[in-house]
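Before any comments, here is the structure.
On a predicted model such as this, the values are computed, not experimentally measured, just so you know. We count residues from 1, following the sequence as given.
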Amino acid sequence: LLPVLSQFPFSSLLAESNPSLLQYSFVPNLNIYVRLVECGAQLRWEGRQTMDALEVIPPRDDPEKKPCADVYGESQHHSLTTSTTGMDVVSKVLDDDNLLREIILCVGFPTTLVCASLVCKCWYHHASDRKFLSRFHEGNPSHLLGFYLEDTDDPSVAAHFFPMLPQPAELATVIRSARFSLDPHRSEMSDMMGCRNGNVLISLYDGRDFTVGVHSPLHPERGLAVLPPFPELQIQDGYFCGMNDLLLSKEEGDGLSYIYVLVESTMERTKSMVHIDVLRNGDTVWRRHLDLATDRFLCPRFDPKAVLADDKIYIASAQRDIVVLDLMGSSISTILLPQGVEYGDRDTTLARANNASGVYLIHAKKLELCIWLHKGGNWLLVHNICLREMVAGLKMTGCEDENEATAPLRINHVGDYDEFVFLEMSRCALHLDIKYKKLRKVYDVEEKDRHLGDIHPFMMIWPPTFPTLKNDYGNAI
């Protein structure tokens, strides 16, 4: 289709349809028109939409007698080479709001989505509409840009960023322009706490107090934001603190909100109290959200890490329990792990489910990865992945014999929505794409290091930041 579309006099068409566009960077807008018309033509031929009005290439009487390449030679005879007919074709696509939204869904990347919003106000409103963004994200989940590797043996060494390669050109540009280095904060940094929606959370220590810093690699101009100190709590007499460093975050507006959880229990280990404080996006002080008491002894584990999904906090507890803190229902409940599963040495982890509607449990046993979804009070086994042949193909030390792999398989980190898992085996970091069942090695542990360390995946930010709408240029942005 592209050679046919290249016959269009796009420069004159754009000038005729919207002269104000000539004030702006022209080439990106031209590329977007070409790409969107191409997507519209593909939708037409696939029959995904009823678009009888759109006929970019008239059908031949007997297409089997002529190779597809002939279309490009014959295209000079089509009326599409005229400015008037070309304008009609473009209008039939771009003037249909329903069709235009379906076309924009095909652009694939949030960066391209922002570029599409620059064409005119109409496209801007379509691309930035919240319902549309929800649909777009369902079909185009956030991309993994890379990962930070933290040296857990030496906190004085800042975590290092490794890009996931290769990347599409649109995202490669994002990576090149970002500032991932944490070295400027090394002097006051104690450890890395994780990544969330384009932000890196690091623990800061000034010699007296611990605070949390938020670094935005994709927006380096923002500098390092520092959260207010955690709220202080006087532990009750006869109680001890079972957890005081659980910090969770969730997207809210154009930023993040944070949830701090503290658990205290009686010395007799007969009952517990949970305190939950919230720092909402834009606030400068923590606010007490909830105090929950239970007659059961809560024994929270630090591995696997807790998960926040749909206003519920899932915390691994004891040997085979998950404690659920319902922030809206103000309740505490317990989920048992699937039959036969227990917490071991980094072989089990949790991840939030799609649309934050539940929680995934990922369990590694020998060279097998099992993934369950807990929803509606039951566990459902959604994936049972055998890694034997994949591991054998990587030819790692201790894994040469696909039937007798001696190196243990451990889970280092899992992405949201069970999209990917970072595994460690035989002093190597492995990335498993769960959807496509592809395993590849992404890092070799250096000889000077005792073990791999902690991996923190860094995802492309969502939703994208759209430019400010200007009203003094007619129909332009």
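One N or O on the side chain of Tyr124 and one on the backbone of Pro467 form a donor-acceptor pair closer than 3.5 Å. Distance alone, capped at 3.5 Å, is enough to place a donor-acceptor pair between the Glu252 side chain and the Asn281 backbone. Side chain of Tyr258 to backbone of Asp277: no donor-acceptor contact under 3.5 angstrom is found. A donor-acceptor contact shorter than 3.5 Å links the side chain of Arg320 to the backbone of Pro338. Panel note: side chain Trp462, backbone Asn197; no donor-acceptor pair is recorded below 3.5 Å. At distances below 3.5 Å, not a single donor-acceptor pair connects side-chain atoms of Thr152 with backbone N or O atoms of Gly453. Not one N or O on the side chain of Ser426 forms a donor-acceptor pair closer than 3.5 Å with the backbone of Cys428. A donor-acceptor pair is defined here as one N or O able to donate and one able to accept, closer than 3.5 Å; no such pair exists between the side chain of Glu170 and the backbone of Thr111. Here the side chain of Arg427 pairs no donor or acceptor atom with the backbone of Leu452 at under 3.5 angstrom. Looking only at distances, a side-chain donor or acceptor of His413 sits under 3.5 Å from a matching main-chain atom of Ile455.
Taking the six-membered ring for Trp and the full ring otherwise, His431 and Phe420 have centroids separated by under 6.0 Å. In this structure, the ring of Phe162 has its center less than 6.0 angstrom from the ring center of His160. Taking the centre of each ring, Tyr443 and Phe147 stay at or above the 6.0 Å mark.
Atoms CG and SG, from Asn384 and Cys370 in turn, are 4.0 Å apart once rounded to the nearest 0.5 Å. In this structure, His456 NE2 and Leu149 CG are separated by 8.5 Å, a value rounded to the nearest 0.5 Å. Taken to the nearest 0.5 Å, the OG1 atom of Thr349 stands 7.0 Å off from the CG atom of Asp303. Separating the NZ atom in Lys312 from the CG atom in Leu325 is a distance of 11.0 Å, to the nearest 0.5 Å. Of the inter-residue distances, the one linking Thr173 atom OG1 with Gln167 atom CD reads 10.5 Å to the nearest 0.5 angstrom. With rounding to the nearest 0.5 angstrom, the CD1 atom of Ile434 is 6.5 Å from the CD1 atom of Ile362.
A 4.5 Å side-chain heavy-atom check between Arg280 and Arg287 finds every atom pair outside the cut-off. Counting only heavy atoms from C-beta outward, the side chains of Met164 and His143 never approach each other to under 4.5 Å. Looking at Leu337 and His363, their side chains never come closer than 4.5 Å, going by heavy atoms from C-beta outward. Proximity of Met460 to Phe109: side-chain heavy atoms (C-beta onward) are nowhere separated by under 4.5 Å. Side-chain contact between Tyr148 and Pro217 is present, with at least one heavy-atom pair separated by less than 4.5 Å. Between Arg410 and Asp345 the shortest side-chain heavy-atom distance falls below 4.5 Å. At least one side-chain heavy atom of Val442 sits under 4.5 Å from a side-chain heavy atom of Phe422. Val263 has its side chain out of reach of Val323: every pair of non-hydrogen atoms, C-beta onward, lies at least 4.5 Å apart.
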Could you check Ile202 against Leu204 for side chain to side chain contact (heavy atoms under 4.5 Å, CB included), going step by step and ending with a plain yes or no? CA-CA 6 Å; Ile202 57 178; Leu204 305 174; 3.7 Å; yes

Leu327/Val278 under side chain to side chain contact (heavy atoms under 4.5 Å, CB included): CA gap, chis, key distance, verdict: CA-CA 11 Å; Leu327 303 182; Val278 174; over 6 Å; no

Side chain to side chain contact (heavy atoms under 4.5 Å, CB included) between Leu233 and Cys241: does it pass, once the steps are laid out? CA-CA 10 Å; Leu233 177 69; Cys241 185; over 6 Å; no

Using the rule given for side chain to side chain contact (heavy atoms under 4.5 Å, CB included), can you reason through Leu201 versus Val214, listing the C-alpha separation, both sets of side-chain angles and the distance that settles it, and then say yes or no? CA-CA 5 Å; Leu201 306 183; Val214 183; 3.7 Å; yes

Checking salt bridge (Lys or Arg N to Asp or Glu O under 4.0 Å) for the pair Arg346/Asp454: CA distance, chi angles, key distance, verdict? CA-CA 11 Å; Arg346 303 190 75 169; Asp454 287 342; 3.4 Å; yes

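Scored by the salt bridge (Lys or Arg N to Asp or Glu O under 4.0 Å) test, Asp237 finds no partners at all (sequence neighbours excluded). Asp291 meets the salt bridge (Lys or Arg N to Asp or Glu O under 4.0 Å) test with Arg288; sequence neighbours excluded. In this view, Phe297 satisfies the ring-ring contact (aromatic ring centres under 6.0 Å, His included) rule with no residue, not counting sequence neighbours.
With respect to Lys366 and Glu368, no salt bridge is recorded, no charged nitrogen being found less than 4.0 Å from a carboxylate O. Electrostatic pairing of Asp347 and Lys365 does not count as a salt bridge here, judged by no charged N lying under 4.0 Å from a carboxylate O. A salt bridge links Arg135 with Glu102: the distance from a Lys NZ or Arg NE/NH1/NH2 to an Asp or Glu carboxylate oxygen falls below 4.0 Å. Arg196 and Asp416 are joined by a salt bridge, as a carboxylate oxygen and a charged side-chain nitrogen come within less than 4.0 angstrom of each other.
When Leu394, Leu367, Leu387 are each tested for a side-chain contact (heavy atoms from CB on, under 4.5 Å) with Met425, only one passes: Leu367. Partner Trp372 forms a side-chain contact (heavy atoms from CB on, under 4.5 Å) with one of Leu380, Val341, Asn378 and no other, that one being Val341.
Nearest heavy-atom pair, Tyr360 versus Arg352, reported as atom, atom and distance to 0.1 Å: CD1-O, 3.7 Å. Closest approach of Asp151 and Asp449 over heavy atoms only: OD2-OD1, 4.4 Å. Considering every non-hydrogen atom in both Pro141 and Glu419, the closest pair reads CB-OE2, 3.4 Å. Among all heavy-atom pairs drawn from Gly146 and Leu144, the shortest one is O-CD1, 3.3 Å. Considering all non-hydrogen atoms of both residues, Arg440 and Leu165 come closest at NH1-O, 2.6 Å. Minimum interatomic distance between Ser203 and Met193 (heavy atoms only, all atoms of both residues): N-CG, 3.8 Å.
Phe161 and Phe458 have perpendicular rings, their planes meeting at more than 60° on a 0 to 90° scale where under 30° would count as parallel.
With a 6.0 Å radius and a threshold of 12 heavy atoms from other residues, nucleotides or ligands, Glu221 has its CD atom above the threshold. Environment of CD in Gln339: sparse, with no more than 12 heavy atoms of neighbouring residues, nucleotides or ligands closer than 6.0 Å. Annotation: Arg101, atom CZ; neighbour count of heavy atoms from other residues, nucleotides and ligands within 6.0 Å is above 12.
For the residue pair Ser216/Asn199, the side-chain donor-acceptor check at 3.5 Å is satisfied. Side chains of His137 and Ser142: a donor-acceptor N/O pair is present below 3.5 angstrom, by distance only.
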